[in-house]
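Worksheet: one structure, shown below.
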Amino acid sequence: MKEKPYAGSSNLHYDKAAGASVWKIASVETGLSNDIVKLSIKPASADTYLKFDGTSNNADVQYLYLQNWSGNTFTKEAQNHENISGESVAYTEITSSDNVWVVGNSATPTSYWNGEVSRFVTYSKGHGYAFYTAEDASREYQALLNEAKVDFNAAYTTGHNYYSEIKPVTLSDAAPVTLTADGNLFCNAEQTKTGTDDSGMTLSNLVDNRDNTSFHSSWQDNVAAAPSTWHYLQVNLAEATSFIDFTYRTRHDKGPYPTIIEIQCSSDNVNYVSVATFTKDADGLPQANATSFSSRVLVLPFASKYIRYVVKGNSSGGTFNGYPYFALSAFGLNTYTISNTSASTDPYDYEFNSAYYNLLATAATINEADNSTLLLSDVTPITEQLTALNNKYGVYASTKDLDFITVDPASPKYFAIKSGRTSQNVGDYWMWTLKSCEGGKIKIESMADATAVSNNVFTYWSMVRDEATGFLKLIPYIEPSLPMGYTTVGDGENKLTNISTTSGYVSNLYEYVPSGNTDYPYALKPAGGSTYVSNHTGTDSYMGFYNVLDDAGTYFAVVSQNPITHIENLRTLNTALKNSGIGALKESNFGTGLNQVQQSCKSGYDDFFSAVNSPLATQALTELTDDQLTTLTTRISNNPPTLEMNQPATGKFYRFKSVKHSDKRLRSDKSGNTLKCGDVNDNGRESIFYLTADNKLVAYVEGQYIGWNKDALADVGHAGYVTAFRCGIDYASYTIATVDGDNKRAIYCNGTTWDRGNLADNAHTDSGYDWVIEEVSWLPVGVSTAAGFGTLYSPVALGQTNGVDTRRIQAYTGAVADGVLKLTPIEGTIPQNTPVIFQYLTGEENGKVFLQVMGDVADADYANNGTEGYLAGQFVTTAKGANASIYTLQNGSKGIGIYKYSGANIQGFRAYLPYTAPAGANALRIVFDDVTTGIEGIEVNDGGKTAIYDLSGRRVSRMTKGLYIVNGKKVFIK
């Protein structure tokens with residue numbers, strides 16, 4: 001169909017991106033009122049229908065209603081139009097010979113297509129933007145069909161070649177199923193009407209061995225069964241079967257004859273799958289009276305007890321309740337069994353045998369058909385099914401001769417994996433080992449001998465095929481529900497894991513690759529990937545991927561192992577140890593630093609772990625009884641050792657990095673007064689928090705305590721909440737919780753925002769609650785290079801240099817004397833708790849300068865903090881108070897200087913000046929070492945008490961730039 005708007009023309013597409021615009025007419029009905037033509041239309045390459053709403057993927061038949069524009073039975077929109085010759089004509093001049101149509105929604109249309117270039121819309125009138133003509137697309141359709149046949153032939157040839165590789169199945173003779181209408185034969189649409197016409201056409205007539213009786217599915221209203229679905233016969237078998245065929249005979253005196261039959265099967269009488277579809281054209285379903293049909297043998301996709309014969313088309317087109325009915329005089333079903341003992345016992349061989357048997361039988365009819373009788377919708381689906389099956393078989397064929405792959409899930413094969421690193425003289429038994437309590441990572445570990453390997457349950461693996469793709473899954477014996485997965489596929493370590501708690505999990509499917517090494521013949525890579533499972537970075541690292549196959553770390557051999565009789569109790573013990581978290585502890589977890597367990601806990605842990613760990617990783621494994629394992633499990637669950645983390649020291653600045661989302665840091669957001677996610681590489685001020693002497697966290701930028709509700713900071717003036725730092729689940733991190741009585745709300749990272757969770761007893765298994773604490777050694781201080789000055793109040797001592805010899809700032813203490821703010825330089829380290837004004841010199845990075853955190857300066861107590869006329873500061877933002885007289889460093893009306901502050905809050909981690917100035921004075925001069933610098937353009941209003949002279953000796957009332965004598969002292973104005 002071609003859309004013909006008056007200003008141009010464009011084809012109607014069902015896939016515009018692919019330029020697909022060829023349609024086929026499925027049905028035509030004429031003779032309707034107002035000369036309307038009723039059409040059903042399909043895309044050329046799909047067995048679906050075009051709907052009035054413009055969608056073309058509808059499985060059920062849909063209809064469009066076309067009316068010639070020249071008709072006078074619908075409301076028209078006045079628009080010019082192209083006629084079929086491409087000439088622009090007035091809409092009133094279009095005649096029936098122009099072959100121009102509008103498309104409506106019914107035989108009495110209330111809506112019409114209104115075609116537009118960029119969208120599909122409808123309109124209440126027949127519109128000039130939606131005139132349509134039809135063009136013969138036979139040539140284009142044939143080109144599409146020829147192209148589709150090329151793809152089909154390739155898939156068909158490959159399928160035949162693969163099918164010839166599969167071990168054949170020889171079947172027994174047919175075993176007819178004895179059918180009874182009141183027993184194992186059922187119909188969902190049985191006609192129970194009695195009378196003179198088609199009386200008594202019940203189910204029993206199908207199995208009475210008489211040619212002159214017949215069965216008819218529901219076709220009149222006064223019947224017992226009127227299903228809203230396809231009519232079908234169902235056979236309930238006494239035993240499941242994998243091979244069937246069916247027979248039937250058409251009615252002795254008339255139809256309707258089945259034209260489309262689908263065979264379905266089920267193992268539970270609930271979930272049915274399609275096995276094969278038969279049609280009158282492709283399979284020769286009889287279309288005459290008293291004619292028999294026998295199907296080919298069907299290989300069911302799985303052993304089934306329930307078989308359905310579903311009729312989806314008939315010769316008359318008649319339906320009941322919207323679905324075609326059918327009539328037969330006889331029906332039969334045969335089952336078969338495998339008779340040859342040489343057939344493969346591998347269920348995958350059987351699965352492919354079944355799939356290829358059925359699919360190639362259907363494909364053969366396409367292969368043998370003349371193109372003139374084919375439709376794209378016949379070819380394309382079979383090509384897609386064959387291609388998918390060929391791909392799956394290709395994966396399977398590469399591994400079907402590997403004897404260590406588990407064929408029967410009920411009898412798994414276990415093996416240990418010996419790394420090719422052994423060939424590089426690193427030891428005789430370096431084995432792939434699951435570190436279940438270390439986040440499920442994989443390492444290669446050295447074993448003393450083969451016995452030690454057999455006694456270590458974490459070296460046991462099995463390998464199974466994924467049912468959907470044929471790729472391989474590697475299953476740890478100790479955790480059979482957690483196959484080995486991976487988080488990324490690129491080169492590098494630390495990417496293999498059991499998938500229980502791993503963030504960023506990608507897949508658990510692997511592809512077998514021959515390594516080419518005689519002693520270590522196997523290798524694995526991610527399905528469809530280009531890197532290889534490897535330990536190329538060394539035996540002390542977790543395994544990952546490497547992009548070179550000829551590295552010994554990518555090779556492996558397998559060592560067969562026997563099942564462990566008490567594996568279930570071992571699994572229970574492992575789960576308890578894993579959930580407790582103590583199984584993840586290593587020597588490096590203990591120490592005196594941040595993110596370590598207190599050294600004082602080490603001896604208690606050693607005593608405990610030596611008792612519970614030995615059955616999992618030593619030769620004692622095979623000697624333990626189930627009772628011993630149960631006792632150990634109980635001890636782990638009920639009496640774990642006491643483990644406490646080293647607490648972060650108060651009076652220091654810290655950052656907090658998420659364990660679950662290692663690319664995120666906790667940060668504050670001044671604009672929203674909240675906590676947010678921040679990039680882990682962001683070293684700015686927003687990601688820094690100060691831990692007070694009473695164990696409360698203060699956001700460095702805002703000077704506000706971490707609050708209680710979800711992701712908020714506490715309001716200004718709030719006294720804050722005590723913060724509890726307790727063990728993370730890896731014992732190398734902390735939970736961070738605000739405390740209010742017995743309630744503790746832990747900060748949680750979900751990757752994009754922050755949340756809170758109640759962890760009264762710290763019980764958790766989600767690492768989203770866990771944080772690595774990083775002490776800040778260089779504090780970023782906000783600066784403006786344009787202004788050149790800033791203020792700072794730091795509760796820790798800070799250096800002024802780059803750590804060597806380049807001074808980054810010059811800091812000053814300050815006090816008011818003789819009506820001016822006199823600044824005194826600090827030559828070395830800025831003492832802790834000392835408010836300062838500083839002058840920026842060099843080293844600015846993105847609006848901040850980094851100052852090194854130093855040890856406390858001895859005897860540097862700033863006693864004047866808060867005293868009138870002295871610089872003051874605090875680390876918590878507080879309310880100024882209505883009557884307080886405060887001066888701060890500002891960029892005011894006269895430039896950068898000390899101005900009276902009118903804001904509501906005094907900012908934390910900044911310096912300010914509490915001072916009551918003479919009436920009317922709104923700014924103070926600043927004196928550096930007896931040379932005064934002021935604010936550009938200051939006008940002093942103090943009742944004439946200040947005597948100001950320029951260098952010519954003239955008294956002035958206002959200072960601009962230059963040198964002045966003020967009350968006998970030199971003053972330089974910038």
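FYI, side chains are in, hydrogens and waters are out, and symmetry mates aren't considered; it's all heavy atoms of this structure.
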Shortest non-hydrogen separation from [X] to [Y] and the atoms involved:
X	Y	answer
Lys900	Gln890	O-NE2, 3.3 Å
Ala797	Thr829	CB-CG2, 3.8 Å
Gln800	Ile826	NE2-O, 2.8 Å
Glu845	Phe850	OE1-CE1, 3.8 Å
Asp730	Asp770	N-OD2, 4.4 Å
Ser885	Tyr887	OG-CE1, 4.0 Å

Derivation of the side chain to side chain donor-acceptor pair (under 3.5 Å) call for Glu702 and Ser668: CA-CA 8 Å; Glu702 291 79 7; Ser668 61; 2.7 Å; yes
Return yes when atom [atom1] of [X] has more than 12 non-hydrogen atoms of other residues, nucleotides or ligands closer than 6.0 Å, and no otherwise.
X	atom1	answer
Lys880	NZ	yes
Lys652	NZ	no
Tyr721	OH	yes

Gap separating the CG atom of Asp766 from the NZ atom of Lys660, nearest 0.5 angstrom: 3.5 Å
Parallel, tilted or perpendicular: ring planes of Phe653 versus Phe909, cut at 30 and 60 degrees: tilted
Aromatic ring pairing Phe725/Phe656, orientation class (parallel under 30°, perpendicular over 60°, tilted between): parallel
Heavy-atom side-chain contact between Tyr915 and Glu868 under 4.5 Å: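 Side-chain contact under 4.5 Å: yes.
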Heavy-atom side-chain proximity of Leu792 to Leu798 below 4.5 angstrom: yes
Close aromatic pair by centroid cut-off 6.0 Å: Tyr654 and Phe689: no
